[in-house]
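Order of the sequence lines fixes the chain letters, A, B, ..., with proteins taken first and strands second; residue numbering starts at 1 for each chain.
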Number of protein chains: 2
Amino acid sequence: MPPERKVSGSLLHANVHQELRRRFVTGKIMPGSTLSTRGLALELGVSQTPVREALSRLAAEGAVQIRSKRKIVVPPMTADRFCDLLRCRELLEPEAALAALPMIDRARLKKLKAADDSIGRALKTGDVNAYMEGNFNFHFLIYSAQPRRTLLQLIETLWLQFGPFMRVVYGRFGTANLTDQHELMIGALRRQDAAGLRRALIADIRDGMGLIGASGFEA
Amino acid sequence: MPPERKVSGSLLHANVHQELRRRFVTGKIMPGSTLSTRGLALELGVSQTPVREALSRLAAEGAVQIRSKRKIVVPPMTADRFCDLLRCRELLEPEAALAALPMIDRARLKKLKAADDSIGRALKTGDVNAYMEGNFNFHFLIYSAQPRRTLLQLIETLWLQFGPFMRVVYGRFGTANLTDQHELMIGALRRQDAAGLRRALIADIRDGMGLIGASGFEA
DNA sequence: GTCAAGAATCTGTGATCACACCTGCGAATC
DNA sequence: GATTCGCAGGTGTGATCACAGATTCTTGAC
């Protein structure tokens, strides 16, 4: 069979990487599950090559671990790792949010409000998928407004590792009482209130931390 | 020609990645220079495949940019990016150093002293290579003593992007008067003096920041 | 019926080939 | 002599093939 190349635009491996990245961030992939190059290639209708390239990148970003012996797994969840991730978020995200604060114009505020509404609807219907996606959009609408690309990249790395965990936690404990902080953040952004923004964001991150204490981890 | 496989141990692409990473961290690769898969493959005696995989990882870590049109370059240096990197370092590295502080035993202190001596010798002889390598070893001897792997990974990412820049700066301004902070850090570690450690480390990072102001960047 | 040994299969990894496209160098034309 | 057109070389990218090793299922003997 000839290669049958048609592609659409270009850069298959970039598309694959983005698709997988989306799955990670929105928690569509469970911690501890195993991925295979051939399986993903079949599923996405491409050859192994772009899948391998995408998986290398994800490995570099810590989203998957490449156990050289015949298995490539998304890292299992442990309390230590979860805590480490949250504390790193707590270090980096307030910095990004504060840098973004002066850049928030009316248009972006409108988008933020829309994202928060969509989160609210997801909470009502119990749609965890939509909640995860909305939460991601909400936070990165803020962070991407600031010009420090390296800082943004570090935060993306964290969310990539964090997504699968978050999904497990929310699946286990439900998604109640988590949206208040977003409202506070929007208010602080509107008032250009740096202290309030930092406070609300840290509280938002710590909400996740609180969930963790009791549950036995693994897988 | 038959594949002629001999490998050594295993995992070619891991070796390639590590080799390239070392070159980046120690500044053997200049900002703005271009790399090629075929060239590196030839130079390292492997095929393109492991090189491509390693380069994907490095791209994910921000060490190289993959301009889809025919060129893969190490990002050119700009004042904004340099400043962004340094501020991220300032955010993350003190956190790691303080977490490492209680873990520093006599053996590690001895290694730190040795690394600092080696830096001193490099400064005397003006050996920039040795200085870069020693500086890297010194800092990561500290950071790797603490258990937060994610935090460590983030810092490694920063150094990967930082290495080529640092080399340019030191090549341009010389490496004088930079070692004092390391002595102070060793002293603070010995005394388990958290505040002193933080102060010396931040000063060490800001030393780099000071160098940047006047010079016109690019390339 | 139980357990162990071997075959079949499926995995990641590396090499090689094929292709589209950009870059430069050279020659031909005005 | 200057400008433009075309061809050759080199690039990243994707597909395919080949191989080593691990896992799993089957099959055989006790």
Side-chain angles (χ1 to χ4, degrees), chain A residues 1-21 24 29-30 32-76 219, chain B residues 1-21 24 29-30 32-76 219:
Chain A
M1 181 171 78
E4 182 201 337
R5 67 173 49 229
K6 43 161 161 256
V7 194
S8 53
S10 54
L11 274 320
L12 271 194
H13 77 263
N15 293 13
V16 173
H17 178 254
Q18 199 162 7
E19 167 63 18
L20 292 180
R21 172 181 268 255
F24 271 91
I29 296 184
M30 297 287 284
S33 61
T34 82
L35 276 49
S36 94
T37 58
R38 281 180 176 86
L40 288 172
L42 201 64
E43 179 180 344
L44 300 175
V46 299
S47 100
Q48 290 184 50
T49 314
V51 174
R52 286 174 56 182
E53 203 138 340
L55 286 176
S56 301
R57 298 190 55 153
L58 290 171
E61 294 167 313
V64 302
Q65 281 174 355
I66 175 97
R67 299 223 208 286
S68 46
K69 283 316 167 197
R70 193 111 148 22
K71 278 268 184 283
I72 154 171
V73 306
V74 12
Chain B
M1 181 170 78
E4 181 204 338
R5 66 174 50 228
K6 43 164 165 252
V7 195
S8 52
S10 55
L11 275 320
L12 271 195
H13 77 261
N15 294 14
V16 173
H17 175 68
Q18 200 162 7
E19 167 62 18
L20 291 181
R21 173 181 269 255
F24 272 91
I29 296 186
M30 296 289 283
S33 59
T34 82
L35 277 49
S36 93
T37 57
R38 283 180 175 84
L40 288 172
L42 201 65
E43 179 180 344
L44 300 174
V46 299
S47 100
Q48 290 184 49
T49 314
V51 174
R52 285 174 57 182
E53 204 138 340
L55 285 177
S56 303
R57 298 189 56 154
L58 290 171
E61 295 167 313
V64 301
Q65 280 174 358
I66 174 98
R67 298 223 209 288
S68 43
K69 283 314 167 199
R70 197 114 301 53
K71 276 268 184 283
I72 153 171
V73 307
V74 13

*Asks:* Walk me through it: do L40(B) and L20(B) pass the test side chain to side chain contact (heavy atoms under 4.5 Å, CB included)?
*Replies:* CA-CA 10 Å; L40(B) 288 172; L20(B) 291 181; 4.2 Å; yes
*Asks:* How many angstroms lie between atom CZ of R67(A) and atom OG1 of T34(A), to the nearest 0.5 angstrom?
*Replies:* 11.0 Å
*Asks:* Taking atom CD of Q18(A) as the centre, report whether more than 12 heavy atoms of other residues, nucleotides or ligands fall under 6.0 Å from it.
*Replies:* no
*Asks:* Could you tell me which residues satisfy side chain to side chain donor-acceptor pair (under 3.5 Å) with R52(A), sequence neighbours excluded, listed by chain and number?
*Replies:*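 Checked R52(A) against side chain to side chain donor-acceptor pair (under 3.5 Å); matches are E53(B).
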*Asks:* Is any side-chain N or O of S47(A) closer than 4.0 Å to OP1 or OP2 of dA15(D)?
*Replies:* yes
*Asks:* Could you pull out the protein-nucleic contacts involving nucleotides 9-12 of chain D (nitrogen or oxygen on both sides, under 3.5 Å)?
*Replies:*
unit_1: dG10(D); atom_1: N2; unit_2: R70(B); atom_2: NE; d: 3.1
unit_1: dT11(D); atom_1: O2; unit_2: R70(B); atom_2: NE; d: 2.7
unit_1: dT11(D); atom_1: O2; unit_2: R70(B); atom_2: NH2; d: 2.7
unit_1: dG12(D); atom_1: OP1; unit_2: L35(B); atom_2: O; d: 3.2
unit_1: dG12(D); atom_1: OP1; unit_2: T37(B); atom_2: N; d: 3.4
unit_1: dG12(D); atom_1: OP2; unit_2: T37(B); atom_2: N; d: 3.2
unit_1: dG12(D); atom_1: OP2; unit_2: T37(B); atom_2: OG1; d: 2.9
unit_1: dG12(D); atom_1: N7; unit_2: R38(B); atom_2: NH1; d: 2.8
unit_1: dG12(D); atom_1: O6; unit_2: R38(B); atom_2: NH2; d: 3.1

*Asks:* Kindly say whether, by distance alone, the side chain of R52(B) makes a donor-acceptor pair under 3.5 Å with the base of dG14(D)?
*Replies:*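 Counting by modelled atom types and ignoring angles, a donor-acceptor contact under 3.5 Å is found here.
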*Asks:* In whole angstroms, how far is the C1' atom of dA15(C) from the CD atom of E53(B)?
*Replies:*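 Answer to the nearest Å: 13 Å.
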*Asks:* Return the value, rounded to whole Å, for the distance between atom NE2 of H17(B) and atom C1' of dG14(C).
*Replies:* 18 Å
*Asks:* Rounded to the nearest 0.5 Å, what separates atom NE2 in H17(A) from atom CG in L12(A)?
*Replies:*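 H17(A) NE2 to L12(A) CG: 14.5 Å, rounded to 0.5 Å.
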*Asks:* My understanding is that only residues two or more places apart in sequence, or in another chain, count here; which of them pass side chain to side chain contact (heavy atoms under 4.5 Å, CB included) with L44(A)?
*Replies:* V16(A), E19(A), R23(A), V46(A)
